[in-house]
Amino acid sequence: HAKVDRRGSYRFFSRQLNARSRERLSLETDLRRAIERDELALFYQPKVDLKTNRMVGAEALLRWRHPQHGIVGPASFIPLAEDTGLIMPLGTWVLNTACRQLQIWQAAGRKLPRVSINVSSHQFRQRGLVQGIRDALAGAQLDARHLCVEITESAIMDNAQENISTLDEIKSGGVALSVDDFGTGYSSLSYLKRFPIDEMKIDRSLIANVDGDKDNAAIVTAIIAMAHSLHLRVVAEGVERTPELAFLRHLGCDECQGYLYSRPLSARDFAALLLVDQLPLLEPASAAGA
Ligand code: C2E
Ligand code: MG
Ligand code: MG
Ligand code: MG
């Protein structure tokens with residue numbers, strides 16, 4: 001009996017594996033075509049200054065309008081793009097699209113000082129990144145000071161010594177640098193001091209219930225104090241509730257981003273938001289919905 005079961009379960013397992021690798025292969029083929037078929041889109045989420053309540057930037061977040069699966073988030077395809085090398089053309093597309101979009105908004109008189117894009121660890125290690133940034137800015141006729149590049153804490157700390165020169169190159173072109181998902185990796189404070197960074201984004205996991213969770217409150221308080229002593233701007237990501245916002249404001253956090261202000265929006269919906277002077281807070285119910 002045991003033998004039959006083992007074979008049976010092995011067959012089941014290998015069939016499952018085949019289904020999964022087939023699914024992966026078809027996803028890869030689809031992703032390869034996604035750019036030329038114009039299925040990729042950037043959504044934009046506001047970054048709000050807590051002193052003025054004004055939108056001071058937007059983070060561009062990648063979406064894939066898949067013909068069968070609908071709107072697919074980056075978590076479902078960025079890892080695949082990294083494994084297959086597709087992250088390079090994808091990253092170039094993101095850079096070009098974000099720069100061109102901001103230039104279009106600014107030319108139309110919309111007040112948006114800055115757009116942030118995400119760069120993954122593989123992308124960051126590629127030689128072409130710095131040139132790609134220059135090309136995107138030149139192509140869009142956008143000044144470098146309007147662009148910010150977000151790199152996760154874990155990507156930046158992995159091979160920190162070598163990363164300094166890439167960061168210096170990006171920074172010397174006038175582009176701002178942000179450390180994303182801060183508080184989830186293992187930062188060496190001596191490197192943090194040497195990196196030419198402008199901004200620190202505190203990870204969503206630490207912001208959740210920061211007003212009530214004593215541990216999160218202690219960590220966030222320490223991060224803000226440290227960032228400010230290094231003359232860095234601090235952004236809280238994933239702010240969903242008014243008490244979190246109040247607490248972060250009390251701690252002197254500089255900027256907030258989260259569903260409390262807005263979900264990431266299509267370029268078209270975001271353009272409407274740019275007409276609003278000060279963003280109203282969304283009620284918890286609507287912030288948690290959809
Ligand atoms: P991230 O850079 O940390 O982006 C913030 C993520 O948090 C986004 O998820 C955003 O939709 C989500 N978020 C914002 N506010 C809230 C909130 O109040 N509550 C909750 N629950 N979530 C919130 P998204 O768009 O799914 O992106 C996930 C990750 O994918 C990003 O994390 C980033 O690391 C990566 N990513 C996104 N776009 C790109 C891209 O163009 N290139 C690369 N290489 N990676 C990207
Ligand atoms: Mg980010
Ligand atoms: Mg983040
Ligand atoms: Mg995050």
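None of the values given here were measured: they were computed from a predicted structure. Counting from 1, the numbers follow the sequence of the chain as shown. All ligand and atom numbering here is 1-based and tracks the order in the structure.
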Angle at the Mg ion (ligand 2) between OE2 of Glu59 and OD1 of Asn118, to 10°? 90°

Tell me the contacting part of Asp181 for ligand 1: side chain, backbone, both, or neither, using a 4.0 Å heavy-atom threshold, strictly below. side chain

Determine whether a donor-acceptor pair (N or O, by modelled atom type, separation under 3.5 Å) exists between the side chain of Asn163 and the backbone of Arg125. no

Taking just the N, O or S atoms of Glu150, which one is nearest to the Mg ion (ligand 2)? OE1

Thr152, any N or O under 3.5 Å of ligand 1 N or O: no

I need the Leu40 CG to Phe77 CZ distance, nearest 0.5 Å. 6.0 Å

Is a salt bridge present between Lys47 and Glu150, judged by a nitrogen-to-oxygen distance below 4.0 Å? yes

Ligand 1 atoms nearer than 4.0 angstrom to some heavy atom of Glu237 are 3 (O)

Numbering as shown, the atoms of ligand 1 that approach Val94 to under 4.0 Å (heavy-atom distance): 41 (O)

Which bit of Asp180 gets closer than 4.0 Å to ligand 1, counting heavy atoms only: side chain, backbone, both or neither? side chain

Mutual orientation of the aromatic rings belonging to Trp105 and Tyr44 [parallel < 30°, tilted 30-60°, perpendicular > 60°]: perpendicular

How wide is the angle at the Mg ion (ligand 3) between OD1 in Asp180 and OE1 in Glu237, to the nearest 10°? 110°

Below 30° counts as parallel, above 60° as perpendicular, anything between as tilted: where do the rings of His250 and Phe247 land? tilted

May I ask you to list the atoms of ligand 1 that are less than 4.0 angstrom from any heavy atom of Gly258? 15 (N), 18 (O)

Does any N or O of ligand 1 fall below 3.5 Å from an N or O anywhere on Leu62, backbone included? yes

Is it true that a side-chain atom of Glu244 and a backbone atom of Glu240 form a donor plus acceptor pair closer than 3.5 Å? yes

Using non-hydrogen atoms of the residue, decide whether Lys201 is closer than 4.0 angstrom to ligand 1. no

At under 4.0 Å between heavy atoms, is it the side chain or the backbone of Val239 that contacts ligand 1, or both, or neither? backbone

Proximity flag Ala75 to ligand 1, non-hydrogen atoms under 4.0 Å: no

Okay, side chain of Gln106, backbone of Gln103: is any donor-acceptor separation there less than 3.5 Å? no

Separation between CE (Met200) and CG (Leu192), nearest 0.5 Å, reads 4.5 Å

Should you measure from each heavy atom of Gln123, which atoms of ligand 1 turn up under 4.0 Å away? 44 (N)

Minimum-distance N/O/S atom that Asp181 presents toward the Mg ion (ligand 3): OD1

Glu28 and Arg24 ion-paired at < 4.0 Å: no

Tell me the contacting part of Ser120 for ligand 1: side chain, backbone, both, or neither, using a 4.0 Å heavy-atom threshold, strictly below. both

Hydrophobic cluster identity match, Val234 and Leu206, side-chain contacts under 4.5 Å: yes

Looking at every non-hydrogen atom in both residues, tell me the closest pair between Ala98 and Ile117 and how far apart they are. CB-CG2, 3.5 Å

Taking the minimum heavy-atom distance to atom 20 (C) of ligand 1, which of Arg263, Gln257, Glu240, Glu82 ranks first? Glu240

Atoms of ligand 1 close to Gln45 [distance to a heavy atom under 4.0 angstrom, numbered from 1]: 14 (C), 15 (N)

